[in-house]
Amino acid sequence: MRNRNRVFIVAVAAMALAFLFDCAPKAKSASANPSRVAVFIPGVRAGNAIYDTMVKGAERAVKEAGATGLKVFEAGFNQAEWEEKLTSLVATGEYDLIVTSNPSMPELCAKVGKAFPKERFLCLDGYLPDEAQLHTVLYNQTEQGYVAGYLAGLVTTGTMKGSNAAKKAGLVIGQHYPVMDKVIVPGFEAGLRAVDPGIAVDERVVGNWYDAAKGQALAKDQIGAGVDVILPICGGAATGVYKAAIEAGAYVVVFDADQFAQAPGVVLGCVILKQEELAYSRTKAAMEGKLAWGKAEVVGMADGYVAFLDKAPEYIAAVQPELRAKMAELLGRISSGTLRLEVPLSRF
Amino acid sequence: MKAPARAALTARLLGFGVAIVGAALLAILLLWGLSSSFSASLELFFLGPFRNAWYFGNMLAEASVLVLAGLGAAVAFGSRNFNLGGEGQVYAGAIAAAAILLGLPTASPPLGIGLALLGSALAGAALAWFSGRLKLSLGVDELISSFLASAIFVYLGGFLISGPLQDPSSNFQSTASIAPAFRLARLFPPSNLSTAAFASLFALGLAMFLSKRTRLGFEFGLVGRNAEFARYAGIDTGFYVTAPMALSGALYGLAGAFLLLGTQYKAMKGFTSGIGWSGIAVALVAGNSPSAILPSALLFAYLDTGAKAVMIGSDVTGDIVSVIQATVFFLVTARAADGLFGTRASRLRAGGKKAR
Amino acid sequence: MPSVSMKGISKYYGASSILANDCADLLVRDGEIHAIVGENGAGKSTLMKILYGLERPDSGRINLGGREVHVRSPAEAALLGIGMVQQHAEIVDEFSAAENVVLCAEPRRFGFVLDRRAARARFAGLAADNGFSLDPDALGSGLSVGERQELEILKLLYRKAQVLVLDEPTAVLAEEEVFSLFATLRRLAASGRTIIIITHKVREVRAIADSVTVMRHGKTLSRLAAGDVGEEELATLMMGGQSFAPALRTPRRPRPEDVSVVFEAQDLRYVLRGAARPAVDGVSFSLRRGEVLGICALAGNGLAELEDLATGFRRPSSGRVLLDGRRLPRRRGKAIGYVPQDRLRRGASLHSSVQENLAALDRDAFFPHGIRSVHRMVSFAEAAIRGYDIAATPEQRLGSLSGGSIQKVILARELNGNADFLVFSNPTWGLDIASTEFVYERILAARERGAAILLVSSSLDEVLALSDRVGVMSRGRLAGIEENGPTLDRAHLGKAMLGAGHAVDSRRAHAGRGLAMGRKP
């Protein structure tokens, strides 16, 4: 036993020494504007358009600023590990701006920032005002949900080939979280009711953001119950929803990204977030010192960061002209300001 | 120390030395093959844990939780009870502690923390004790039953966290955070190292005292090394099936509670991230001897922290780091598992013979 | 025909610095039964392991049938026609006898499926040719020790072995099983096979061998014709000068103050779950202070179960076991001293130290208030090491000791409490002559101080040498207990062990054993 203890004491002493040496002050670049940028992906990049486009936008901004490469870090699906991983990334001391995107990230960034006061965080798709190290940008997802709901409402009450008599629209979500429950779903429902107050919503929860098999099973079940158009907001699980819709001849309305290619004729419309543009413009602003830290902004259709792809040939080919006319009329009312759809910020 | 014992210990240390050096060489080889910035990755892997207070402190924080989990595994394995349910028991302990503290947000800190620790220990113990009991009364193999019970609880715990205990204002599948008064003081900010480390050291000291200096530890060791002999010597072997299982589960439960009190402050879905399994590896490398648990836990925390540093600091992706980590763990533990599971195999054989 | 000659064989084990073989020579003629005798550790097993390819010699040559051979592994030995039965049979419990025999050289259908019918047929043919009566379908786990040994021999014959080496084949056999084994060996020799058996029992050499080689301290001393040498002379050669013959001790007449009954078994019955008949069936006896009751039986006749019942290791299905008029406690305390037959598994913790093994029974004394008293533990261990002349240190791992030393550690522990009731089960099994003598002395010393001693043994010699009263068990029943003395003779007891109506000859004895095992011959 004594030998083992001795080995252990030597090992601890060696670690302590190494630690002391490493604590010696290091020369750090002391520029005012952040120039060393890392993108923190709470999940994985592959198969997730929101994260992929965020990286592309940030890359463009970094390149234009002539800064050295962009660090992209994928934190994986276990939410419980994000905080530690984010802290680890910041603790390297090699990045002064972290770009990330996810409604849950502002909360984490603010917490991690406490220990690293010089660090700056740009959080897209999230909202948290009055945090001096953060700049958050929230998409107006009330608008996004409303537009998706309006199209779905037109389809389920309409006379398209796949539409049935039942006035029922489907919603498949990854999990419940505040923005979903308080912004997106109410917006979607408001859009549906704007078409016909009698439309029912069939809502299902996958429980995670990747299980395509479960997504497919849930969608199949909805279709069996009379649903003819589905809005999937469930990450990778959406591919299962597409499959079920293709098999049953039902329709899908898509959130966040251009997904027409996934199922032409089945995907009727996409209400997208211009994540790449937003990531580009806000990263560029941060690097130029033009971003207001401590501020939280909301961007929507009027700013061009939420958009309905009404020029897409797949949309024109798949949706009846009279429905498209009604959609155009709606979009006009939103961009002209006649119809104001506000995010209920007070409820955060 | 007398000559033969010293020779045996030297042989054991030498064996581990070879395994660790082999594992290190393999890690170097993998990094060389898989990383485009080989020398930087190498430096991160081996020196990353000492890079700054965050990494160093986290390594110690991880080691302090692994000490409890490792003790939990060692308590079971040392008496030849195979508790593979650590993961679920850590989860149970953390959720119990969270539920208690969220239910009593205004309790005085000593009372709240005391109750939370008690509750977590009981929750973990109950889960493991159940498997020990099944083994005694129905002859159900505790290796299987503890594993299955734990797997079920991981799902049940996920349900509790995202259901009744879910914090409605959080974007995560998580309970609310416990009141600041209950949070253990951080020793080494910004790292996760907290006063929970002292609790681990205390538990370690207590375990060493019990195993080396008391009748309980002596009988426990006799049962573990040869149950038939223990029975022959008049020891109540049934007690040493359920008691070590319950104690093992209690230690796992405490590991979960300290993870909550010292590091996470809230129970999130999946937040135990394999501590139950790492505890088994720690115990195997330590040969179930409490005095070797601390170095073993530090070794694992070091490897884990180094791997994380590589993942963050270089172009090597998380998947590849996991492969390197798994390979290293495998090499180190395979060497240790050899003895333990060899004995189990012969025990099963002997059991088969006795049944005729 | 294969004759075996080994010349100048030396083998040094560096790790334990033991010169196991020191220029050993061996000559065995073809068709001969040759015995190698010597004390424990004389180098007999090492020499045979070299012949079988399990060990490589440092020097020396091996000739087989006049041709020099190099045996590098047991597989090469098998190709050369050499087979060895190890001390512990290597039999798969879950396989049938036939499957065990063909294992690794199975007859196959379509090249990969085990052909069970062919395996049974080959097994039956082999058994019939060589006079075995094993059931081809019996599971390995259901075989008696003797049957397991027969199975091992069949395995070698199946692989066409011409030279058969048996390492201490009789050590685990009861008297009657030994007769049967010897008959088998004689048949095999008559059919032209060469047989080498390792033993340290002088009596057996004259009973079975044609010639004998004596070994001592790694050297081969002399090669003799078995018929020309007396038991006394062989023993002298093995021991190196001292003569030894197991002395028959005079039975002790109980003193008046010793007549109180210490231990009582009342109509014990024990039925193993699923067994057709009870393993112990209506056994009653009582033990008084200061006497040794010896009970002898063939393997499989309930002796092991009786050992367990008398020590509380198993509970009787019916009947009572009383110690000082009370039922046995649920857990054994120090009121019973117990030296079990299975000393390595039951009697000792091989991975614990010598002092921990010594302290395992009387834990109240070594852990006052539950805390270890290092002083008491070490001083007791040192006293035991001195008093029992054990070659070890207190901290040494028990498993690193020799069999004789381990038995001494067990004795030191079990006799320490001066228990009034002692149980010894085959206490000298596998020990050399010096250790055997030591154990006998201790048992008789315990008798002197007034302990009641139950000796269960499968060695009739042992029972007769130590007991004041003698009983034999057959098929679970205890056949009359008699005073030990000149009127008792081996033939008489042998009859009793087989039950009434069976004479003691090897053929009938074998049939009797088959019945005793409760299976078809």
Side-chain angles (χ1 to χ4, degrees), chain A residues 1-5 7-9 11-12 14-23 26 38 44 71-85 87-94 102-108 111-112 114-116 126 175-181 205 207-208 348, chain B residues 1 5-6 9-10 12-13 44 47-60 62 158 162 166 168-174 186 189-192 208 212 263-264 266-273 286 289 291-292 294-295 298-299 302 305 308-309 311-313 315 317-319 322:
Chain A
M1 289 314 103
R2 221 169 292 143
N3 266 6
R4 199 183 274 160
N5 285 349
V7 169
F8 169 61
I9 289 166
V12 169
M15 286 178 190
L17 266 178
F19 175 64
L20 284 180
F21 279 117
D22 244 329
C23 271
K26 277 180 193 158
V44 296
K71 167 77 185 176
V72 177
F73 179 73
E74 296 175 292
F77 289 116
N78 189 346
Q79 302 179 341
E81 291 176 353
W82 291 350
E83 180 181 337
E84 197 205 320
K85 285 179 168 167
T87 318
S88 296
L89 184 66
V90 174
T92 59
E94 286 174 15
N102 185 317
S104 60
M105 290 311 291
E107 174 188 346
L108 276 191
K111 195 171 165 196
V112 172
K114 296 274 183 294
F116 301 91
Q175 68 180 64
H176 286 288
Y177 59 95
V179 175
M180 177 69 80
D181 298 343
V205 184
N208 58 55
F348 273 88
Chain B
M1 203 178 281
R6 196 187 302 142
L9 181 63
T10 312
R12 189 175 163 79
L13 286 178
L44 283 169
L47 296 179
F50 306 109
R51 194 153 116 164
N52 55 36
W54 164 255
Y55 284 102
F56 187 70
N58 273 11
M59 176 175 76
L60 296 184
E62 187 178 342
S162 59
Q166 167 77 41
S169 71
S170 172
N171 285 303
F172 293 107
Q173 292 180 314
S174 155
R186 296 280 169 116
S191 82
N192 292 329
M208 280 166 73
K212 287 200 188 342
T263 305
Q264 302 271 3
K266 56 190 173 191
M268 282 174 96
K269 208 166 164 178
F271 88 122
T272 53
S273 39
S289 151
S291 53
L294 184 58
L298 281 170
L299 174 71
Y302 169 70
T305 312
K308 280 178 187 157
M311 181 160 58
I312 283 159
D315 62 330
T317 66
D319 295 336
S322 301

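Naming convention: chains lettered A, B, ... in sequence-line order (proteins, then strands); numbering from 1 in each chain.
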Next item on the list: Rounded to the nearest 0.5 Å, what's the gap from CD on Gln264(B) to CD on Glu83(A)? Could you check?
Entry: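 Rounded to the nearest 0.5 Å, the CD-CD separation comes out at 7.0 Å.
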
Chain B contact via [X] - which portion, at a heavy-atom distance below 4.5 Å:
{"X": "Phe77(A)", "result": "neither"}
{"X": "Glu107(A)", "result": "side chain"}
{"X": "Lys71(A)", "result": "side chain"}

Notebook entry, point to check: Looking at Ala91(A) and Asn52(B), what are the two nearest heavy atoms and their distance?
Noted result: O-ND2, 2.7 Å

At a heavy-atom separation under 4.5 Å, does [X] approach chain A through its side chain, its backbone, both, or neither?
{"X": "Tyr55(B)", "answer": "side chain"}
{"X": "Gln173(B)", "answer": "both"}
{"X": "Lys308(B)", "answer": "side chain"}

Check: Which one of Gly207(A), Ser88(A), Gly76(A) has the most heavy-atom pairs closer than 4.5 Å to chain B?
Finding: Ser88(A)

Next item on the list: Mind ranking Gly48(B), Ser191(B), Gly270(B), Pro168(B) by heavy-atom pairs under 4.5 Å with chain A and telling me who comes out on top?
Entry: Gly270(B)

Margin query: Is there a side-chain contact between Trp54(B) and Glu84(A) in this structure, where contact means two heavy atoms from C-beta onward sitting under 4.5 Å apart?
Written below: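 Yes - at least one pair of side-chain heavy atoms lies under 4.5 Å apart.
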
Next item on the list: Indicate yes or no: at least one non-hydrogen side-chain atom of Met268(B) is less than 4.5 angstrom from one of Asn78(A).
Entry: no

